[in-house]
Novice: 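My structure is below; once you've seen it, I'll send some questions.
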Amino acid sequence: MKITWLGHSAFRIETATAKILIDPFLTYNPSFAAAGLNIKDAAAGVTHILLTHGHADHVGDAVQIAKDTGAVVLANADLASWLSTKGVEKLEMGNTGGTVGLGGFSATFTNALHSSAQITEDGVSHALGNPNGLMLHFDDEPTLFHMGDTDIFSDMALINELHQPDIGILPIGDRFTMGGAVAALACQRFFNFKTAIPCHYGTFPIIDQTPEKFIAGMEGSKTAVAAPKVGESVSA
């Protein structure tokens with residue numbers, strides 16, 4: 001498995017059977033642009049686009065990439081219905097607690113503590129379902145948990161018991177999600193990740209700029225912290 005951070009919460013996941021984009025916020029993502037990346041390369045060969053919730057900094061370029069590539073888009077039921085009105089044809093919908101088989105892997109919608117509405121260019125606010133994390137189980141690859149945008153919550157322990165994820169992708173930027181120290185506590189108290197990857201930082205001045213608080217909080221943990229630069233990859 002090859003995991004490439006595209007800035008903010010956007011990731012490209014490559015396995016033997018799938019090429020996945022999670023929360024592909026690229027066009028207006030200053031970290032993506034600053035790293036010299038381009039959408040064509042990020043979306044090359046993509047088979048699936050997975051969305052944790054409806055905020056613009058997570059839906060991002062999902063509609064256009066889906067149209068350009070024919071990728072299947074997975075989202076919560078409300079968000080998926082809205083995407084269908086934008087011309088997305090290949091949609092898989094679910095909701096918290098549900099699992100969707102996607103050929104070679106499955107995605108389970110877990111709880112997340114956040115929000116999910118979006119104000120579009122016409123000034124209309126759309127309620128786009130509940131926020132989620134996404135638990136990805138692969139046939140022959142490590143189990144990966146993208147938490148979406150969330151705070152810590154005690155039922156993370158139950159999520160770990162149910163799914164035993166090997167890789168955790170955690171938001172650490174504070175203000176809109178948990179900060180680095182709290183994210184580290186979530187890792188150490190509730191999960192047994194082999195690898196933890198921080199995200200949702202450094203994108204805008206209003207959130208934390210570095211993963212230092214998370215890295216400091218993970219000192220002494222058995223979990224390896226991988227904090228790639230935007231555009232860099234982690235192998236698992």
Novice: Which residues satisfy the side chain to side chain donor-acceptor pair (under 3.5 Å) test with Gln64, sequence neighbours excluded?
Specialist: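 If we apply the side chain to side chain donor-acceptor pair (under 3.5 Å) test to Gln64, skipping adjacent residues, the hits are Asp68.
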Novice: Strictly by modelled atom types, are His114 and Thr52 linked by a side-chain donor-acceptor pair under 3.5 Å?
Specialist: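 No, Thr52 and His114 have no side-chain donor paired with an acceptor closer than 3.5 Å.
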Novice: Distance from Leu79 atom CG to Leu74 atom CG, nearest 0.5 Å?
Specialist: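 Taking CG in Leu79 and CG in Leu74, the distance rounds to 9.5 Å.
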Novice: Compile the donor-acceptor pairs under 3.5 Å between side chains in residues 32-49 and protein atoms, sequence neighbours left out, one pair per line.
Specialist:
from  : atom 1 : to     : atom 2 : distance (Å)
Asn38 : OD1    : Lys40  : N      : 3.2
Asn38 : OD1    : Asp41  : N      : 2.8
Asn38 : ND2    : Asp41  : OD2    : 2.8
Thr47 : OG1    : Lys19  : N      : 3.0
Thr47 : OG1    : Lys19  : O      : 3.0
His48 : NE2    : Leu102 : O      : 3.2

Novice: Hydrophobic clusters here meaning ILVMFWY residues chained together by side-chain heavy-atom distances under 4.5 Å, can you tell me if Phe25 and Val63 are in one?
Specialist: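 Cluster IDs for Phe25 and Val63 differ.
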Novice: Side-chain polar contacts of residues 154-169 - donor-acceptor pairs under 3.5 angstrom, sequence neighbours left out - could you list them?
Specialist:
from   : atom 1 : to     : atom 2 : distance (Å)
His163 : ND1    : His137 : NE2    : 3.0
Gln164 : NE2    : Asn160 : O      : 2.9
Asp166 : OD2    : Thr143 : N      : 2.9

Novice: Hey, mind stepping through Asp139 and Thr17 against side-chain contact (heavy atoms from CB on, under 4.5 Å) and telling me if it holds?
Specialist: CA-CA 9 Å; Asp139 292 342; Thr17 59; over 6 Å; no
Novice: Please name the pair of heavy atoms, one in Ser116 and one in Pro131, separated by the smallest distance, quoted to 0.1 Å.
Specialist: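 The pair with the smallest heavy-atom distance is CB-N, 4.0 Å.
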Novice: Check Leu134, Leu136, Thr110 against Phe145 for a side-chain contact (heavy atoms from CB on, under 4.5 Å) and give me the one that passes.
Specialist: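 Filter result, single survivor: Thr110.
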Novice: Does a side-chain heavy-atom distance below 4.5 Å link Asn130 with Asn76?
Specialist: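 No - every pair of side-chain heavy atoms lies 4.5 Å or more apart.
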Novice: Do Met135 and Leu113 sit in one hydrophobic cluster, given that two such residues count as connected whenever their side-chain heavy atoms are within less than 4.5 Å of each other, even indirectly?
Specialist: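 Yes, because Met135 and Leu113 connect within a single hydrophobic cluster, where side-chain heavy atoms sit under 4.5 Å apart.
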Novice: Could you walk me through whether Leu50 and Ile20 satisfy the side-chain contact (heavy atoms from CB on, under 4.5 Å) test, starting with their C-alpha distance in whole Å, then the side-chain angles of each, then the deciding distance to 0.1 Å, before giving a yes or no?
Specialist: CA-CA 7 Å; Leu50 313 183; Ile20 302 162; 3.7 Å; yes
Novice: Please identify each residue that fulfils salt bridge (Lys or Arg N to Asp or Glu O under 4.0 Å) with Asp57, with sequence neighbours left out.
Specialist: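 With sequence neighbours excluded, Asp57 shows a salt bridge (Lys or Arg N to Asp or Glu O under 4.0 Å) to no residue whatsoever.
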Novice: Count the heavy atoms of every other residue, nucleotide or ligand shown that sit under 6.0 Å from CD of Glu212, and state whether that count exceeds 12.
Specialist: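 Not buried by this count: 12 neighbours or fewer within 6.0 Å.
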Novice: Cut-off 3.5 Å, no hydrogens considered: what does the side-chain donor-acceptor table look like for residues 229-236, sequence neighbours left out?
Specialist:
from   : atom 1 : to     : atom 2 : distance (Å)
Glu232 : OE1    : Lys229 : N      : 3.0
Ser233 : OG     : Thr4   : OG1    : 2.6

Novice: For residues 196-203, which side-chain donor-acceptor pairs fall under 3.5 Å, sequence neighbours excluded?
Specialist:
from   : atom 1 : to     : atom 2 : distance (Å)
His200 : NE2    : His8   : NE2    : 3.4
His200 : NE2    : Asp149 : OD1    : 3.4
His200 : NE2    : Asp149 : OD2    : 3.2
Thr203 : OG1    : His8   : ND1    : 2.7

Novice: So, for Asp151 and Phe153, which heavy atoms are closest and what is the spacing to 0.1 Å?
Specialist: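 Taking every non-hydrogen atom into account, O-CD2, 3.4 Å.
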Novice: Which pair of non-hydrogen atoms, one from Gln209 and one from Ile207, has the smallest distance, and what is that distance?
Specialist: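 The pair with the smallest heavy-atom distance is NE2-O, 2.7 Å.
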Novice: If only atom types and distance count, is the side chain of Ser106 paired as donor or acceptor with the main-chain N or O of Thr99 below 3.5 Å?
Specialist: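 Here the side-chain-to-backbone pair does not exist.
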Novice: Suppose we screen for salt bridge (Lys or Arg N to Asp or Glu O under 4.0 Å). Which residues come up paired with Glu14, at least two apart in sequence or across chains?
Specialist: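 Arg12.
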Novice: How far does CG of Asp208 sit from OG1 of Thr210, to the nearest 0.5 angstrom?
Specialist: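 It comes to 7.0 Å.
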Novice: Could you give the side-chain donor-acceptor pairs of residues 170-188 under 3.5 Å, partners two or more places apart or in another chain?
Specialist:
from   : atom 1 : to     : atom 2 : distance (Å)
Arg175 : NE     : Ile206 : O      : 3.4
Gln188 : NE2    : Gly217 : O      : 2.8

Novice: Side-chain contact test, heavy atoms from C-beta onward, threshold under 4.5 Å: evaluate it for Gln118 versus Ser125 and give yes or no.
Specialist: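 Result no, sub-4.5 Å side-chain heavy-atom pair not found.
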Novice: Mind jotting down which residue pairs meet the salt bridge (charged side-chain N to carboxylate O under 4.0 Å, His left out) criterion with at least one end in residues 80-107? Sequence neighbours excluded, please.
Specialist: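 Qualifying pairs, neighbours excluded: none.
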Novice: Carefully, step by step, assess Ser9 and His146 under the rule side chain to side chain donor-acceptor pair (under 3.5 Å).
Specialist: CA-CA 9 Å; Ser9 291; His146 190 305; 4.9 Å; no
Novice: Identify the two heavy atoms, one from Val73 and one from Ala66, that lie closest to each other, and give their separation to 0.1 Å.
Specialist: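 Heavy atoms only, the tightest pair is CG2-CB, 3.7 Å.
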Novice: Quick check for you: to the nearest 0.5 Å, what is the distance between Phe109 atom CZ and His53 atom NE2?
Specialist: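 Atom-to-atom, Phe109:CZ and His53:NE2 are 13.5 Å apart.
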Novice: What about Phe190 and Val225, same hydrophobic cluster or not, with Ile/Leu/Val/Met/Phe/Trp/Tyr joined at side-chain heavy-atom distances under 4.5 Å?
Specialist: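 Yes, it is one cluster - the side chains of Phe190 and Val225 are joined through contacts under 4.5 Å.
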Novice: Linking I/L/V/M/F/W/Y whenever any side-chain heavy atoms sit under 4.5 Å apart, do Trp5 and Ile215 land together?
Specialist: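 Looking at the clustering, Ile215 is in the same group as Trp5.
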Novice: Under the rule for side chain to side chain contact (heavy atoms under 4.5 Å, CB included), what residues qualify as partners of Asp140, not counting sequence neighbours?
Specialist: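 Residues passing side chain to side chain contact (heavy atoms under 4.5 Å, CB included) with Asp140: none at all.
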Novice: Between Ile3 and Ile13, which heavy-atom pair has the shortest distance, and what is it?
Specialist: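 Ile3 and Ile13 have their closest heavy atoms at CG2-CD1, 3.6 Å.
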Novice: Identify, with sequence neighbours excluded, every residue that meets side chain to side chain donor-acceptor pair (under 3.5 Å) alongside Thr96.
Specialist: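 Once residues adjacent in sequence are excluded, the partners of Thr96 under the side chain to side chain donor-acceptor pair (under 3.5 Å) criterion are Asn132.
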Novice: Just verifying a value: how many Å separate Thr27 OG1 and Asp61 CG, rounded to the nearest 0.5 Å?
Specialist: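 Those atoms lie 3.0 Å apart.
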Novice: Could you name each residue pair satisfying ring pair (Phe, Tyr, Trp, His ring centres under 6.0 Å) that touches residues 64-91, not counting sequence neighbours?
Specialist: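 Listed by first then second residue: Trp82-His126.
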Novice: Grouping I, L, V, M, F, W and Y whenever their side-chain heavy atoms are under 4.5 Å apart, do Phe138 and Val100 come out in a common cluster?
Specialist: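 Yes, Phe138 and Val100 fall within the same hydrophobic cluster.
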Novice: Nearest 0.5 Å please: distance from the CG atom of Asn95 over to the CG atom of Asp78.
Specialist: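 One gets 6.5 Å once the value is rounded to the nearest 0.5 Å.
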Novice: Step by step, would you call Asn29 with Leu6 a side-chain contact (heavy atoms from CB on, under 4.5 Å)?
Specialist: CA-CA 9 Å; Asn29 178 347; Leu6 303 176; 5.7 Å; no
Novice: As an exercise, state the distance from OG1 of Thr69 to CD1 of Ile65, rounded to the nearest 0.5 Å.
Specialist: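 Atom-to-atom, Thr69:OG1 and Ile65:CD1 are 7.0 Å apart.
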